[in-house]
Number of protein chains: 2
Amino acid sequence: MSVTIKDVAAGAGVGIATVSRVFNGSGPVGAATRERVLAAARELGYRPSAGARSLRGRGGGGVGLVLPDLTDPFAAELAEGVLAAARDLGEHVVIDLSGGDAAREAAIVGRFLERRLEGVVAVPCGESAPWAEAARAAGLVFAERVARGVPGVPGVLADDATGVRHLTEYLAGLGHRRIAYLGAAAPGGEPDVRERAFRAALTRLGLAVPESLLVPARPNRDSAYAAAAGLLQSRDDVTAVLAAGHLLGEAAVLVARELDLRVPADVSIAMVDDVPWAELCDPPLTAVARPARAMGRRACELVLRDPARRGHAPEPLPAELVVRGSCGPPRGARAGR
Amino acid sequence: MSVTIKDVAAGAGVGIATVSRVFNGSGPVGAATRERVLAAARELGYRPSAGARSLRGRGGGGVGLVLPDLTDPFAAELAEGVLAAARDLGEHVVIDLSGGDAAREAAIVGRFLERRLEGVVAVPCGESAPWAEAARAAGLVFAERVARGVPGVPGVLADDATGVRHLTEYLAGLGHRRIAYLGAAAPGGEPDVRERAFRAALTRLGLAVPESLLVPARPNRDSAYAAAAGLLQSRDDVTAVLAAGHLLGEAAVLVARELDLRVPADVSIAMVDDVPWAELCDPPLTAVARPARAMGRRACELVLRDPARRGHAPEPLPAELVVRGSCGPPRGARAGR
DNA sequence: CGGATGCGTGGAAACGTTTCCAGAAGGAGG
DNA sequence: CCTCCTTCTGGAAACGTTTCCACGCATCCG
């Protein structure tokens, strides 16, 4: 069927070992011989089989990438970073999407392990079980967030805490006192890094933490929209909304428009995650930019080239506050809706 | 290093053939034996090696996916379609980005061929050379656009022609007579499907084709912005802009805002490609929605399961006009800028 | 001039799996 | 009781590569 190293060897009148040496540059080969081998290979259209090659040597390399989805611009950019790093290091990338489903995620990781990949980069959604095995069998690095209950696996994270703190301080500095936080943990759930940073920032500023303005929402369009609508319809006293993710920010923008609220005159809006549309919005949205591409790149390099450093969580990468036009001074409590 | 089928065989006190049969369900195995094998495998953490497996049998399967980039929402959604189809068919996907660089694209295709992938799905940017070899060695299907000079390779395309025609008719129906087309071919270059559809639609409506309003632009932010700025600054008579892609539409929106043009009162804007931010814009942008996900899915299914149908170009998938608020009746020529 | 050193080369083992073939055990039918 | 068939099992070949080892030959140094 396909043309093998033997065919090339026969075509060039040499042994298979010589052909292998030509293609890997591993041993000494006479110039004339090399030319003949190359010519025969070109003529026959020979391509060494990556499968057989990996069978003999080590695992064969390659990186697995597991993400919830690709339509999220942050995830897409993170993937681009991983792909760029892998390309630079000469490795290929196998990708699959969990869709936020832990079972599917576990299945994906299983397939990756069978492929004997050198490393796996994951934005996890599930819990520890499959990750523990992956960490044992291959390199594993989390990106954006980490799975709980899997010690010793490094995570390449953005410094969300500092980003949210800066954003909170910025809003407070504009004079806002009734700042809603969109994307809090469900009642009874454990608040995440961003929510804790929001609370801490308010406290440090000497402001009360308005528990009723911490609106729970899951990061999907339906939940985000419902949360934003519930908030802006019922709470006239809110003068600023801090959305904990771009889907939540999107929902806030849409709801504000539907309620004929002017941004930022009636309500200021800002969010975590600087996605392309933030600049296209009217007014353009103030946001915390997280370095998605750099995170992907770093995660990939970590998993491929730094087996020693694995186990030590690397520094979070800085998140930058990008001030645009969607935040202004508060206008006092709105009258009615 | 890693645990092999031999280890499991030894652990269960059976031969390797039996272990293989258990894992593939290929032959008859006694119930008790099967249990023992499964237990040994679980205990040792055995995973069959995909590399060795593929070495023995056929090529080993898998799909390669080559795209210019992932931050383009259309490309990301297309990729999601490919991944979904591959998952349904039990195949893995290797992905890499060409960045619009033909040389890099050729290198990527070469690596894919070495991997003995069963098929390759590509949004091509380069010309024929590498694609011809790929078509010979594996299944090859183009998506969104086709490479020139590679006959016999099917392309899963959107029906851009009909989409642009509907859009043109819609604008003309609103009364527009001076419609600019953003994203034409460079002077002397060959117009693409969309441009031809635009010209044909105008002609069919009995309108003149305004050559000076067919503005050349490449699909990147710099070129798009320059083209849009040049157009809207100099041509007061333009009442509508038809952008041939979402980057061009984005540029038109930004330039219109900078020039303080009201949309759609001063100028109507519409574009090809319905990206998420089209709905977030103010006003929301009218667009032609192309079924990216379905295209990816179809391309993947075609390459994996329909070797017979390859060679016949499939029907283009319908593109749908999504009317939002960015187009209205023309207001006569604008006065000054 | 002889042995050591070096290079260029080919043969063969090994990688982990699937699959063909043959052997063993056990029941059924003559 | 012997034979045949079925069911289960194990050995071994094959897949395409890399790499170790050995061999021939020329060159160099003593």
Side-chain angles (χ1 to χ4, degrees), chain A residues 1-38 40-41 44-62 90 92 111 113-118 137-138, chain B residues 1-38 40-41 44-62 92 110-111 113-118 137-138:
Chain A
M1 190 66 199
S2 74
V3 34
T4 77
I5 200 173
K6 273 187 191 165
D7 303 320
V8 178
V14 301
I16 57 167
T18 303
V19 178
S20 174
R21 276 189 289 261
V22 167
F23 273 84
N24 296 293
S26 40
V29 179
T33 314
R34 156 173 287 115
E35 274 318 306
R36 253 187 313 146
V37 169
L38 253 24
L44 295 169
Y46 168 68
R47 294 267 185 192
S49 149
R53 176 175 285 173
S54 77
L55 181 55
R56 172 59 211 231
R58 43 186 185 81
H92 67 280
R111 316 272 296 205
L113 262 31
E114 295 186 359
R115 289 235 122 55
R116 301 288 189 269
L117 295 169
E118 197 170 325
Chain B
M1 190 67 198
S2 73
V3 32
T4 77
I5 200 173
K6 272 188 192 165
D7 302 320
V8 178
V14 301
I16 56 167
T18 304
V19 179
S20 175
R21 275 189 291 261
V22 168
F23 273 85
N24 296 292
S26 39
V29 179
T33 314
R34 155 172 289 116
E35 272 319 306
R36 252 187 312 146
V37 168
L38 253 24
L44 296 169
Y46 168 70
R47 295 267 185 191
S49 149
R53 177 175 284 173
S54 77
L55 181 56
R56 172 60 211 233
R58 48 188 181 81
H92 67 279
R111 315 270 298 205
L113 262 31
E114 293 185 1
R115 224 148 265 298
R116 302 286 188 272
L117 295 169
E118 196 170 326

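Order of the sequence lines sets the chain letters (A, B, ...), proteins ahead of strands, with each chain counted from 1.
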His92(B) and Arg115(A) side chains, donor-acceptor separation under 3.5 Å: yes

Got a list of side-chain donor-acceptor pairs under 3.5 Å for residues 9-23 of chain B, not counting sequence neighbours?
unit_1	atom_1	unit_2	atom_2	d
Ser20(B)	OG	Asn24(B)	ND2	3.2

Phosphate OP1/OP2 of dT9(D): any Thr33(B) side-chain N/O under 4.0 Å: yes

Listed partners of Leu44(A) passing side chain to side chain contact (heavy atoms under 4.5 Å, CB included), at least two apart: Val3(A), Asp7(A), Val8(A)

Per-nucleotide protein contact string for nucleotides 19-25 of chain C, where B marks a base within reach and S marks sugar-phosphate only (heavy atoms under 4.0 Å, - for neither): B------

Sub-4.0 Å heavy-atom contacts from residues 6-14 of chain A onto DNA chain C, ordered by number: Gly13(A), Val14(A)

Distance in Å, Tyr46(B) OH paired with Glu114(A) CD, rounded so as to fall on 0.5 Å steps: 8.5 Å

Estimated bend of the helix from dC1(C)-dG30(D) to dG30(C)-dC1(D) (axis per five terminal pairs, rounded to 10 degrees): 60°

Sugar-phosphate only, base, or nothing, as touched by Arg47(B) at under 4.0 Å among non-hydrogen atoms: sugar-phosphate

Sugar-phosphate, base or nothing in reach of Tyr46(A), heavy atoms under 4.0 Å: sugar-phosphate

Taking N or O atoms only and anything under 3.5 Å, show me the protein contacts with nucleotides 4-7 of chain C, one pair per line.
none

Heavy-atom closest pair, residues Arg116(A) and Arg47(B): NH2-O, 2.6 Å

